[in-house]
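Step one of this worksheet: look at the structure below.
Just the heavy atoms: all of them, side chains too, but no hydrogens, waters or symmetry mates, feed the values below. All chains are named by letter (A, B, ...) in the order of the sequence lines, taking the proteins before the strands, and each is independently numbered beginning at 1.
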Amino acid sequence: MNTPTEPPRPAGPSAEDSRPAPVKAVPVRHPGRWVASGVLLVLAAMFVNMLVTNEKFNWPFMFEHMFSAPVLNGVWTTLKLTVLAMLLGISLGIAVAVMRLSGNPVLATLAWLYTWFFRAVPRLVLCVLFGNLGILYQNLELGLPFDNHWMPLLGLEGDARFFSVPMNDVLTPFMAALLALALSQGAYMAEIVRAGLLSVDKGQTEAAQALGMSRGKTLRRITLPQALRVIVPPTGNEVTAMLKDTSLVSAIPLTTELFFQLQAIGNRTFDLFPMLVAACIWYLAITSLLMAGQFFLERSFTKGDRKAQAEIAIMQSKAGH
Amino acid sequence: MSGNPSGTPDAAGLPERPADDLMVVADGVHKSFGRLEVLKGIDLQVRRGEVMCVVGPSGSGKSTFLRCINHLEKITAGRLWVNGRLMGYREHDGRLYELHDKQVAEQRRDIGMVFQSFNLFPHMSVMGNVIEAPVQVKRESRAQARARALELLERVGLADKAESYPRQLSGGQQQRVAIARALAMRPELMLFDEPTSALDPELVGEVLEVMKDLAREGMTMVVVTHEMGFAREVGDNLVFMDGGVVVESGDPREVLGDPKHERTRAFLSKVL
Ligand SMILES: Nc1ncnc2c1ncn2[C@@H]1O[C@H](COP(=O)(O)OP(=O)(O)OP(=O)(O)O)[C@@H](O)[C@H]1O
Ligand SMILES: [Mg+2]
């Protein structure tokens, strides 16, 4: 008889071989999954069949035009627009976020107004609006303000303008597109950068200030680098979104842009649908590349993040001993 | 301790410039956050080379006062001089003019500060932390700054950790790096805000040792602390604050051994 204080012994294996026997159980069946897979397979087969047999897709025609010179040029314009609009947008975003957090009421209000306007107005509307700014002024001029009012009062002739260029030379469709996209992006980036800056512990700013660093130095050397952890991931998404939104500038119209080119070919040849499919394929391809780039950027970003690295190193060294 | 530092009083009865042997002079310092008055007239002086310990219950305004000294907080009334300079303002013909951000930053260079939560820069190595301000603010050459940083890290016993990152260090080590970082600017005054309160008990000693060394070398220090042993051993002066005023001050051994004030006695009976 066992004494009551002794724990009950498991029956079976001896003390040396104390590992319990592996679990042998019948797994739960999922008949629903099989049914769903079957249905999907049939649907996929129908889809592929349609792609192959429906002549409206006109694949040879599509492949012939998809890589023609104007289309490739369109891809180039689209990429250029994406990169430039993002670079401008990010710079603007940082500036506006800093203004917003500066504690200067004039700058903060200005920043708020800017984000309010450019987040409220749709990008498509902005693009068309900027494309038509030439209606307001024929020439872009630099001079003293209100000269047409005060010069006659002083009995002066002529004007006080030093510099003038025709609006159409400055505000080309490309410039209009770039301005519309960059200004709009700046507003979104401002919010992202602001969230990033606010995520940095206040003690960091105080430590930097206590060391005698000015506000600008503190921002550049201490706050902004730490805010990047929060800023970079959503910015990657913004790049992808920007690439897709460049198709909006075909409404300006910016005729060299990818979507405009593909549509133009479709309209000219009265065979539009294959060109729309070509557009899908182009955007899919570039966006997928960007997403892959984003994946590696984010990974190497946490890799380069010494904090995370250090944590991993510590964990490993502890596990080793 | 009276609130009238030696110096020529101006028309308003306020001194124009404190005597040279005074590092910190607070004269009727008030600080309010909105309608909450946290400091209600602090008068005190810290002489060069002196270690002043500040004790008091939570919320009494100790941190706020310390942060007023290097102008991290703007005082709402009174005057505060450090090293003979009015902090954060310029006085001309009896009027105060606020200093620009850059000028305030310049005033802060002579004042080192050590925080309860260390506040090391996590994206920089220990070396990066220590040379950041000398290189960026004082425009020292990197080589020169690194050499001095190694000296300082040696002094706080962390020369072998120069290339580590803050996260890889214990709390006590981080706080010693923070002290080295502050010393790298060659401050004339060091402020400590409960430097050991966030530390595990067994790590408190190593930080206090470094602070004692500093005191022995003649550094002027204002230390907010709950370490009464430290206050007794190295403090030249002890201030007991409660409710935004200095309730009692004097030689630490006397104040701690025989408190005159009822509030001091009540507080000490709780912490000792
Ligand atoms: N930025 C601020 N805004 C509003 N109130 C504040 C601010 N900083 C401090 N206070 C208030 O001022 C009072 C004094 O705070 P302080 O941090 O100076 O106290 P303390 O003596 O350092 O306390 P502890 O021992 O807990 O650190 C507290 O009531 C606190 O809530
Ligand atoms: Mg405090």
Side-chain angles (χ1 to χ4, degrees), chain A residues 98-99 101-108 196-233 300-321, chain B residues 63 66-67 69-73 100-126 128-139 163-170 177-178 181-187 189-193 198:
Chain A
V98 170
M99 280 164 70
L101 297 173
S102 67
N104 176 333
V106 180
L107 292 182
L197 289 175
L198 288 175
S199 77
V200 179
D201 181 43
K202 258 194 79 196
Q204 292 290 310
T205 313
E206 286 180 354
Q209 286 184 333
L211 285 168
M213 293 172 81
S214 66
R215 271 197 223 161
K217 269 255 152 69
T218 305
L219 180 76
R220 252 177 298 131
R221 301 281 312 169
I222 308 299
T223 344
L224 207 48
Q226 292 183 61
L228 284 184
R229 281 161 62 87
V230 172
I231 294 173
V232 166
S300 73
F301 188 73
T302 45
K303 233 194 228 163
D305 182 15
R306 304 300 178 86
K307 240 158 91 173
Q309 261 182 342
E311 266 169 0
I312 292 165
I314 286 174
M315 269 164 13
Q316 282 169 345
S317 74
K318 275 187 182 152
H321 290 294
Chain B
S63 297
L66 212 59
R67 293 155 57 81
I69 296 181
N70 66 356
H71 206 62
L72 281 179
E73 302 286 359
H100 282 290
D101 172 49
K102 289 239 161 68
Q103 295 167 305
V104 176
E106 207 237 304
Q107 286 188 328
R108 289 195 185 114
R109 289 179 203 175
D110 301 344
I111 310 171
M113 185 159 193
V114 174
F115 301 85
Q116 181 175 351
S117 49
F118 326 138
N119 294 346
L120 291 179
F121 305 133
H123 58 304
M124 298 177 184
S125 67
V126 165
N129 267 275
V130 179
I131 65 171
E132 177 65 12
V135 171
Q136 294 295 327
V137 178
K138 280 195 169 169
R139 298 260 161 238
E163 299 313 318
S164 301
Y165 279 78
R167 277 289 176 91
Q168 296 168 297
L169 305 180
S170 73
V177 173
R181 176 175 73 174
L183 291 176
M185 288 297 280
R186 302 174 196 272
L189 167 69
M190 284 285 284
L191 309 175
F192 293 84
D193 191 0

Contact origin within B:Gln107 toward chain A - heavy atom pairs under 4.5 Å: neither
With respect to chain A, which residue among B:Lys138, B:Arg67, B:Arg109 yields the maximal number of heavy-atom pairs within a distance under 4.5 Å? B:Arg67
Checking A:Arg221 against B:Phe121: charged group under 6.0 Å from the ring centre and within 45 degrees of the axis? no
What's the spacing between B:Glu163 CD and B:Tyr165 OH if we round to 0.5 Å? 8.0 Å
Taking all heavy atoms of B:Ala178 and all of B:Val114, pick out the closest pair and write down the distance. O-CG2, 4.4 Å
Given a strict heavy-atom distance threshold of 4.5 Å, which part of B:Ala133 is in contact with chain A: side chain, backbone, both, or neither? side chain
Return the CG to NZ distance between B:Asn119 and A:Lys202, rounded to the nearest 0.5 Å. 11.0 Å
Greatest number of heavy atom pairs closer than 4.5 Å to chain A - which of B:Asp110, B:Val104, B:Leu72, B:Ile111: B:Leu72
The interface call for B:Leu120 against chain A, heavy-atom contacts under 4.5 Å, is backbone
Does the side chain to side chain contact (heavy atoms under 4.5 Å, CB included) test come out yes or no for A:Ile222 and A:Val200, once each step is laid out? CA-CA 9 Å; A:Ile222 308 299; A:Val200 179; 5.8 Å; no
Among B:Met185, B:Gln136, B:Lys102, which residue forms the greatest number of heavy-atom pairs with chain A at distances under 4.5 Å? B:Gln136
